[in-house]
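Throughout, protein chains are lettered first and strands after them, A, B, ... in sequence-line order, and every chain is numbered starting at 1.
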2 protein chains.
Amino acid sequence: MSLRYALLALLRVGPLSGYELAKQFTQSVGHVWHAPDSQIYPELRKMEADGLIEAEEQARGERGTRRMYHVTDAGDRAFLAWMTSPLDYQRVRDPAHLRAAYLESASPDAAREFFRRHIEQWEGELAQWDGELRKIDHIDPPNPMLERRLKASPAEEHERIVAYKHFAYEGLVERAKSEIAWAQRGLDLVDKLDGDV
Amino acid sequence: MSLRYALLALLRVGPLSGYELAKQFTQSVGHVWHAPDSQIYPELRKMEADGLIEAEEQARGERGTRRMYHVTDAGDRAFLAWMTSPLDYQRVRDPAHLRAAYLESASPDAAREFFRRHIEQWEGELAQWDGELRKIDHIDPPNPMLERRLKASPAEEHERIVAYKHFAYEGLVERAKSEIAWAQRGLDLVDKLDGDV
DNA sequence: AACAACATGTAAAAAGTTACATGATTCA
DNA sequence: TGAATCATGTAACTTTTTACATGTTGTT
């Protein structure tokens, strides 16, 4: 259940409405921890019930309301406690490597198609993560959340903030590249085994 | 929902009871797709209801029964159809890289502890996967499922069976190694940033 | 007689997915 | 006046986790 900590990470920078948070989320942390809007709104309500965040309701028109959330002291402490606690690692559940292990049951063409789609899949992730990396490194204009984060922190912390984000996304970029390289070797393997027959 | 295909992969080799299947599962496919016994038994019942497998009940003592499962034609077709269909990739949800991206909020010691635990975690996975690889390569005695699989197939298919399994686990071994290398660079980064202050 | 291994589950909760529902405001 | 974007969800379902429940057979 890391979703609430991903949300806290964004809210700690400054108050946001559920809507703004959901938008910023998909453009930043969402690349590391995916969540659809339909999961974010209920989680915010739960976090409010748990006292981690508070909302200020603002009227919009006659019936509409907008809820601006901010982190409470308890929320701040919860985030910091999470940062120090042992992470709960997900159990391994890897559909691609599962299928790869039984690829002898498929035709060479189906095997090739599988690897091609694997490459496509990870090219997509790579593009996302590499895009983030370029924003972090100021090659591309930074995303609004990072900009806000840096403006809200003293200059001497900027190096650390940027360094850890760079390091995290660098790891993901490597992972994507290594998945692509693996699948490319997979295509070679299919050719080799196919030629054998 | 790859669990049923992981189970079908094992059952296609030959009939097994739920218990035997669960045991073999944790020692083979379970390294790629984890599932506890309490998920396997109900899934077998669902697969039976869906006509993918059939059970023959055997009496054990006066009240006990053992259910020997075997794959039906429909189950075989479902497995082969899955092998050819596009895989549904899980959305990214990576607690370690999520935390890494916000490590500036933790103390250098907490950051080091995080990376040390990350190394420990992936050393564990590496040992599992490398162990499987050694069995596949006949360096260690092969696991009973692979032995059965090879005995049930004509000799000319052995190369393909072994090649794909080797290839799948090789990919996982690489992944584990690259996670470990990443965390080790993380420890260096903490030292560098800590020295700065 | 005790213990490991055999054998099969249930129950409750948490987490995640998919599809849908509803209305307000702003700007071209 | 129509479309985009702002704004907040609910409902139903599937998957996964965690903890528990119960009895049998073979071996030392």
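- Closest to the Tyr19(A) side chain, of the nucleotides dT8(C), dA7(C), dT5(D), is dT5(D).
- Atom CD in Glu57(A) sits roughly 12 Å away from atom C1' in dA7(D) (whole-Å rounding).
- Nearest-nucleotide positions on DNA chain D for Arg91(A) and Thr65(A) put Thr65(A) closer to the 5' end.
- Spacing between atom CD of Gln90(A) and atom P of dA14(C) amounts to 16 Å, rounded to whole angstrom units.
- For Arg66(B), no side-chain nitrogen or oxygen approaches OP1 or OP2 of dT8(C) to under 4.0 Å.
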Quiz item: Should Glu179(B) and Gln121(B) be marked as a side chain to side chain contact (heavy atoms under 4.5 Å, CB included) after you check the CA-CA gap, both sets of side-chain angles, and the distance that decides it?
Solution: CA-CA 10 Å; Glu179(B) 287 290 338; Gln121(B) 167 70 19; over 6 Å; no
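- With rounding to whole Å, Ile40(A) atom CD1 is found 15 Å from dA15(C) atom P.
- A donor-acceptor contact under 3.5 Å is formed by the side chain of Ser38(B) with the base of dT18(D).
- Nucleotide dT16(D) holds its P atom 9 Å from the NZ atom of Lys46(B), rounded to whole Å.
- The OH-P distance, from Tyr41(A) to dT17(C), rounds to 18 Å in whole Å.
- Taking the six-membered ring where tryptophan is involved, the planes of His97(A) and Trp182(A) are essentially parallel, since the angle between them stays under 30° and well short of 60°.
- Residue-to-nucleotide proximity on DNA chain C shows that, of Met68(B) and Ala35(A), the 5′-proximal contact is made by Met68(B).
- Projected onto DNA chain D by closest heavy-atom contact, Gln39(A) and Arg60(A) fall at different nucleotides, the more 5' of which corresponds to Arg60(A).
- Under 4.0 angstrom from either OP1 or OP2 of dT17(C) there lies at least one side-chain N or O belonging to Arg93(B).
- Atom pair Met1(B):CE and dC13(D):P shows a separation of 15 Å (rounding to whole Å applied).
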Practice problem: Would you please test Arg45(B) and Tyr41(B) for side chain to side chain contact (heavy atoms under 4.5 Å, CB included) and show each step? | Solution: CA-CA 7 Å; Arg45(B) 288 292 188 157; Tyr41(B) 285 110; over 6 Å; no
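- Using cut-offs of 30° and 60° on the angle between ring planes, the pair Trp82(B) and Tyr5(B) is parallel.
- dT17(D) atom C1' lies 13 Å from atom CG of Asp37(B), rounded to whole Å.
- We find that CG of Leu21(B) is positioned 19 Å from P of dA5(C), with the value rounded to whole Å.
- Among dT17(C), dT14(D), dG9(D), the nucleotide with an atom closest to any side-chain atom of Arg67(A) is dG9(D).
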Exercise. Applying side chain to side chain contact (heavy atoms under 4.5 Å, CB included), run through Phe115(A) and Arg185(A) and close with a yes or a no.
Key: CA-CA 9 Å; Phe115(A) 284 123; Arg185(A) 283 189 290 125; over 6 Å; no
